[in-house]
Amino acid sequence: MTLLLTDLIESHDRARFEILGVSIGRDDGSPEQHRIAAAFDRFVDAGDWLLNEIGQRLYALDLDILVDLMGYTALNQIDALATRPAPIQVNYLGYPGTLGAAFVDYIIVDPITAPPELAPYFSEKLVHLPDCYLPSDRNRPRPRARPSRAECGLPESAFVFCCLNDTLKLTPYIFDVWMRLLQAVPNSVLWLLESNHAAAMNLRREAGNRSVEPARLVFAPYANFSDHLARLPLADLFLDTLPYNAHTTASEAIWMGIPILTCMGQSFAARVCASILRAAGLPELITHSLAEYEALALALGKEPGRLQELRARLLRSRDTAPLYDTPRYCAHIEAAYQTMVEIWRRGEKPRAFAVEPIAK
């Protein structure tokens with residue numbers, strides 16, 4: 001999340017907003033940790049706060065808006081929000097779905113991830129940003145030293161289908177599609193993240209059970225951020241997962257010019273990659289059924305020239321597409337915060353609203 005959020009925090013208008021960060025995680029000493037801590041006007045290390053005092057200590061900070069970045073993810077302190085430490089409380093970024101909690105007023109979304117017709121399924125009021133709800137970082141590194149395919153265990157002349165999502169996002173029906181693609185596209189491989197050795201062994205076994213040579217599954221170990229970005233362009237086509245899409249992983253791949261094919265589902269988590277592709281200017285890679293997803297993947301696997309054109313479009317638009325326009329994104333989210341405060345100051349109940357896009 002730090003890799004997505006830091007540029008936004010650095011970009012806020014300090015004449016209108018004071019930005020306070022409260023961290024309950026451990027300081028890992030990384031450059032990324034130091035950068036985001038420095039981005040806030042005030043940064044509070046709350047790692048040693050007692051669980052039963054978090055709400056009270058947040059209340060003492062005299063916040064107007066509390067933006068929760070964790071939801072129900074690991075180390076969350078959702079119980080502290082139940083004490084109402086701030087008059088306006090917002091679900092944002094860390095948990096792609098509703099918290100089902102009456103004490104959280106808003107969730108920041110976009111028209112793809114949570115269209116208005118899905119509002120009855122959220123306890124929060126929907127706040128629609130005009131572009132993708134996911135922020136990004138214009139200042140992330142652009143590695144120059146790309147490894148060779150051989151260094152990553154990939155055949156030099158193969159067509160490389162890729163999915164570097166964590167293996168917990170892989171489902172049997174998506175894996176079935178991928179195996180049929182390997183059968184239909186000669187000299188192709190599937191490049192996956194090796195989340196753990198047991199998962200890699202199981203997936204190779206399942207490939208064999210589907211009449212695919214297990215060696216055609218190539219596994220990438222975890223790598224530091226810069227090395228991970230550098231290896232991404234070795235792939236030809238990123239295949240997204242369902243029902244939980246690539247989120248940060250998709251943003252990183254598109255940043256490095258890798259086309260992503262997604263199948264848009266019904267839930268928030270199943271629609272994020274479609275939102276990313278729309279904001280990146282590649283809506284034609286959004287499909288709406290697994291049959292359409294498989295057919296388009298097969299067509300792209302047999303038309304490398306078409307993929308090269310898509311890759312070139314991504315690289316040309318990297319500095320202009322809404323997906324990576326942090327000043328534009330910042331103006332939109334600041335407008336959202338301002339509207340929340342105005343509603344509260346008028347004594348009104350939270351309500352759904354959409355932020356008007358600024359002129360490009």
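Interatomic distance, OG1 of T249 versus CG of N165, reported as 5.0 Å (0.5 Å rounding). Expressed to the nearest 0.5 Å, how far OH of Y106 lies from OG1 of T339 amounts to 8.5 Å. Atom CZ of F17 sits about 11.5 Å away from atom CG of D41, to the nearest 0.5 Å. In this structure, Q56 CD and L61 CG are separated by 11.5 Å, a value rounded to the nearest 0.5 Å. If you take CG on D62 and CD on E18, they are separated by 9.5 Å, rounding to the nearest 0.5 Å. The CD1 atom of I112 sits 11.5 Å away from atom SG of C273, with the distance rounded to the nearest 0.5 Å.
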Please test Y173 against F175 for ring pair (Phe, Tyr, Trp, His ring centres under 6.0 Å), starting from the C-alpha separation and ending with a verdict.
CA-CA 5 Å; Y173 55 87; F175 194 74; over 10 Å; no
For a side-chain contact (heavy atoms from CB on, under 4.5 Å) check, start with the C-alpha distance between V127 and I107, then their side-chain angles and the critical distance, and finish with the verdict.
CA-CA 6 Å; V127 175; I107 181 171; over 6 Å; no
I would like to know whether L203 and F219 meet side-chain contact (heavy atoms from CB on, under 4.5 Å); could you show each step before the answer?
CA-CA 10 Å; L203 288 167; F219 287 90; 4.0 Å; yes
Report the C-alpha separation of T241 and W178 in whole Å, then their side-chain angles, then the decisive distance to 0.1 Å, and conclude whether the side-chain contact (heavy atoms from CB on, under 4.5 Å) test is met.
CA-CA 10 Å; T241 46; W178 295 349; 3.9 Å; yes
Verdict with reasoning, F161 to V185, per side-chain contact (heavy atoms from CB on, under 4.5 Å):
CA-CA 10 Å; F161 291 108; V185 179; 3.9 Å; yes
Stepwise salt bridge (charged side-chain N to carboxylate O under 4.0 Å, His left out) check, K125 with D105
CA-CA 6 Å; K125 300 302 181 184; D105 306 299; over 6 Å; no
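Of the charged side-chain nitrogens involved, none lies within less than 4.0 Å of a carboxylate oxygen, so that R204 and E213 do not count as a salt-bridged pair. In summary, D236 and R149 engage in a salt bridge, as defined by a charged side-chain N under 4.0 Å from a carboxylate O. Look at R35 and D137 and you find a salt bridge, because one of the NZ, NE, NH1 or NH2 atoms lies within 4.0 Å of a carboxylate O, short of that distance.
At least one side-chain heavy atom of H128 sits less than 4.5 Å from a side-chain heavy atom of P116. In this structure the side chain of V355 never reaches within 4.5 angstrom of the side chain of I333, judged on heavy atoms. Counting heavy atoms from C-beta on, the side chains of V104 and S123 never come closer than 4.5 Å. You'll find the side chain of M340 reaches within 4.5 Å of the side chain of F353, heavy atoms only. The side-chain heavy atoms of L50 and E53, taken from C-beta on, include a pair separated by under 4.5 Å. The shortest side-chain heavy-atom distance between V218 and L192 does not fall under the 4.5 Å cut-off. Between L66 and V90 there is no side-chain heavy-atom pair separated by less than 4.5 Å. At a threshold of 4.5 Å between non-hydrogen side-chain atoms, the residues C163 and D240 do not count as touching.
In this structure, the side chain of T262 does not engage the main chain of T287 through any donor-acceptor pair within 3.5 Å. Between the side chain of E151 and the main chain of P147, no donor-acceptor pair closer than 3.5 Å is present. Of the possible donor and acceptor atoms, one in the side chain of Y72 sits under 3.5 Å from a partner among the backbone N and O of L99. The main-chain N or O of L182 is found under 3.5 Å from a side-chain atom of R216 such that the two form a donor-acceptor pair. One N or O on the side chain of N224 and one on the backbone of S226 form a donor-acceptor pair closer than 3.5 Å. Proximity of a side-chain donor or acceptor of S289 to a complementary backbone N or O of E292 within less than 3.5 Å is detected. Of the possible polar contacts, one joining the E334 side chain to the D13 backbone as a donor-acceptor pair under 3.5 Å is found. Looking at R313, its side chain never comes within 3.5 Å of a backbone N or O of E309 through a donor-acceptor pair. Not one N or O on the side chain of R138 forms a donor-acceptor pair closer than 3.5 Å with the backbone of S136.
Here the closest non-hydrogen pair linking R84 and A102 is NH2-O, 4.1 Å. Nearest heavy atoms, S275 versus C132: OG-SG, 3.2 Å. Nearest heavy atoms, R328 versus P357: NH2-CB, 3.8 Å. Nearest heavy atoms, A199 versus T167: CB-OG1, 4.0 Å. Of all the heavy atoms in A280 and I254, the pair that sits closest is CB-CG2, 3.9 Å. Closest heavy-atom contact between L5 and P135: CD1-CG, 4.4 Å.
The aromatic rings of Y324 and W255 lie perpendicular to each other, with more than 60° between the two planes, well past the 30° mark. Between F268 and Y133, the ring-plane angle classifies as perpendicular under the 30° and 60° cut-offs.
Each of V67 and L81 belongs to its own hydrophobic cluster when Ile, Leu, Val, Met, Phe, Trp and Tyr are linked at side-chain heavy-atom distances under 4.5 angstrom. Cluster membership check: L217 shares its hydrophobic cluster with L164, using side-chain heavy-atom separations under 4.5 Å among Ile, Leu, Val, Met, Phe, Trp and Tyr. Residues I258 and L3 share a single hydrophobic cluster, defined by chaining ILVMFWY side chains whose heavy atoms lie under 4.5 Å apart. Two different hydrophobic clusters hold L20 and I65 under the rule that ILVMFWY side chains link at heavy-atom gaps under 4.5 Å. Cluster membership check: V109 shares its hydrophobic cluster with L69, using side-chain heavy-atom separations under 4.5 Å among Ile, Leu, Val, Met, Phe, Trp and Tyr.
Qualifying side chain to side chain contact (heavy atoms under 4.5 Å, CB included) partners for N187, counting only residues two or more places apart in sequence or in other chains: S157, A158. Remark: Y121 pairs with L118 by the side chain to side chain contact (heavy atoms under 4.5 Å, CB included) rule, at least two apart or across chains.
Between the side chains of D45 and S23, no donor N or O sits under 3.5 Å from an acceptor N or O. Between the side chains of T113 and D110, at least one donor N or O lies within less than 3.5 Å of an accepting N or O. Between the side chains of N91 and D68, not a single donor N or O lies within less than 3.5 Å of an accepting N or O. Looking at T98 and E124, their side chains do bring a donor and an acceptor atom within 3.5 Å of each other.
Counting non-hydrogen atoms of other residues, nucleotides and ligands closer than 6.0 Å to CZ of F40 gives a total above 12. The local environment of CD in E348 is crowded, with over 12 non-hydrogen atoms from other residues, nucleotides or ligands closer than 6.0 Å. Heavy-atom neighbours of E342 CD from other residues, nucleotides or ligands within 6.0 Å: above the threshold of 12.
For residues 178-197, the pairs satisfying salt bridge (charged side-chain N to carboxylate O under 4.0 Å, His left out) are R180-E294, with sequence neighbours left out.
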